[in-house]
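Comments concern the structure below.
Since the model is a prediction, treat every value here as computed from it, not as a measurement.
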Amino acid sequence: MEPVTYRTPPVLHWFGTESRLQMQDARKFKDAALTPGKKDIAGQLKDAASAALSFGRGAAADLALRNATGDSYVLSDTGLERHRASGRTRLDYSEIKRIVDGGNGIIVLEHGKGKMVIRPAAHLVRGRQRAPIGWLRNGVEVPYVTLPGEIAARSGLEVEPA
């Protein structure tokens, strides 16, 4: 059987757009703060602080994008591999002892050596409703619960409530 790959969908490109916009705002504030004679010292300090804050927000959004889009899961006949920016982790289905639904889309795969936690890359929020975004399963959009369901089926276990 061919390996199945789960990736985050391209909807997360908005993080990158927001990151770029905040970095541009930071540059504008920095340039304004360094222009002599236009503002007093307090105004220049305020602009410099705003630039630093915008730069920090842009960097945080950029980091969130890299972490979210870097995750992928490859399911083979014998086990799964999680690919992240920090490295790759392999787990055989036979090693999984329990699959626990931790709520908010968090799925915990308990195995003999510890735990592997699967988290949604992002949530869609509308008012009080919150739903984890789904996956691209071999290029086709599927609901978020498809990945833990397929892992449970391949390992012969049920997804248990917390």
Side-chain angles (χ1 to χ4, degrees), residues 1-27 50-162:
M1 183 186 275
E2 289 289 317
V4 176
T5 303
Y6 283 83
R7 296 186 190 282
T8 54
V11 71
L12 297 178
H13 74 277
W14 295 113
F15 276 117
T17 302
E18 187 64 22
S19 169
R20 285 188 297 277
L21 290 173
Q22 289 176 345
M23 295 291 197
Q24 287 172 354
D25 286 347
R27 285 186 196 96
S50 294
L53 186 60
S54 291
F55 186 76
R57 286 182 181 152
D62 193 42
L63 182 61
L65 174 66
R66 277 193 229 150
N67 285 338
T69 58
D71 280 5
S72 67
Y73 296 87
V74 179
L75 279 55
S76 66
D77 291 338
T78 59
L80 68 104
E81 285 185 4
R82 176 170 58 189
H83 298 257
R84 301 181 113 169
S86 60
R88 187 177 82 180
T89 306
R90 177 158 175 74
L91 182 62
D92 287 337
Y93 299 124
S94 60
E95 295 177 42
I96 301 173
K97 305 296 181 213
R98 285 179 69 203
I99 302 174
V100 181
D101 181 351
N104 262 346
I106 296 173
I107 303 297
V108 180
L109 306 177
E110 296 179 0
H111 54 91
K113 300 174 189 168
K115 298 177 182 179
M116 179 185 284
V117 180
I118 300 173
R119 288 184 173 84
H123 286 86
L124 295 174
V125 179
R126 182 172 187 272
R128 294 182 182 198
Q129 295 176 332
R130 178 179 164 107
I133 63 163
W135 301 98
L136 289 179
R137 183 186 186 273
N138 287 353
V140 178
E141 284 189 38
V142 295
Y144 179 79
V145 296
T146 306
L147 174 60
E150 187 166 349
I151 293 170
R154 288 174 181 245
S155 61
L157 300 170
E158 298 275 330
V159 178
E160 303 173 15

- line: Taking every heavy atom of Gly102 against every heavy atom of Ala162, the minimum-distance pair comes out as CA-CB, 4.1 Å
message: With heavy-atom distances below 4.5 Å as the criterion, would you say the side chains of Glu141 and Leu136 are in contact?
response: yes
- prompt: Which atom pair, heavy atoms only, marks the closest approach of Ala152 to Ile99?
  reply: CA-CD1, 3.5 Å
query: Between Ile106 and Val108, is any pair of side-chain heavy atoms under 4.5 Å apart?
result: yes
- line: Separation between OG1 (Thr8) and OH (Tyr144), nearest 0.5 Å, reads 12.0 Å
message: Nearest 0.5 angstrom please: Leu109 CG to Leu80 CG, how far?
response: 6.5 Å
Spacing of Lys115 atom NZ and Arg98 atom CZ [to the nearest 0.5 Å]: 8.5 Å
Any His111 side-chain heavy atom under 4.5 Å of Leu91 side chain: yes
message: Side chains of Ile96 and Glu110, heavy atoms from C-beta outward: is any pair under 4.5 Å?
response: no
message: Could you check whether atom CZ of Arg7 has more than 12 heavy atoms from other residues, nucleotides or ligands sitting under 6.0 Å from it?
response: no
message: If the test is side-chain contact (heavy atoms from CB on, under 4.5 Å), which one of Leu75, Val142, Val4, Ile107 qualifies with Leu147?
response: Leu75
message: Does any part of the side chain of Asp101, heavy atoms only, come nearer than 4.5 Å to the side chain of Pro161, both counted from C-beta?
response: no
field: Over 12 foreign heavy atoms within 6.0 Å of CD, Glu158
entry: no
field: Glu81 side chain near Thr89 side chain, heavy-atom distance below 4.5 Å
entry: no
task: Report the distance from atom CD of Glu2 to atom OG1 of Thr5, rounding to the nearest 0.5 Å.
output: 10.0 Å
query: Atom OG of Ser76 and atom CG of Asp92: how far apart are they, to the nearest 0.5 Å?
result: 8.0 Å
- request: Scan Arg88, Arg84, Arg119 and name whichever one has a salt bridge (Lys or Arg N to Asp or Glu O under 4.0 Å) with Asp71.
  value: Arg84
- request: Could you tell me how the ring of Tyr73 sits relative to the ring of Trp135: parallel (under 30°), tilted (30 to 60°) or perpendicular (over 60°)?
  value: perpendicular
message: Can a side-chain donor-acceptor contact be found between Thr78 and Arg90 if the only test is distance below 3.5 angstrom?
response: yes
- prompt: Considering only heavy atoms from C-beta outward, does the side chain of Ile118 approach that of Pro148 to under 4.5 Å?
  reply: no
- request: Give the minimum heavy-atom separation between Gly105 and Pro120, together with the two atoms involved.
  value: O-CD, 3.5 Å
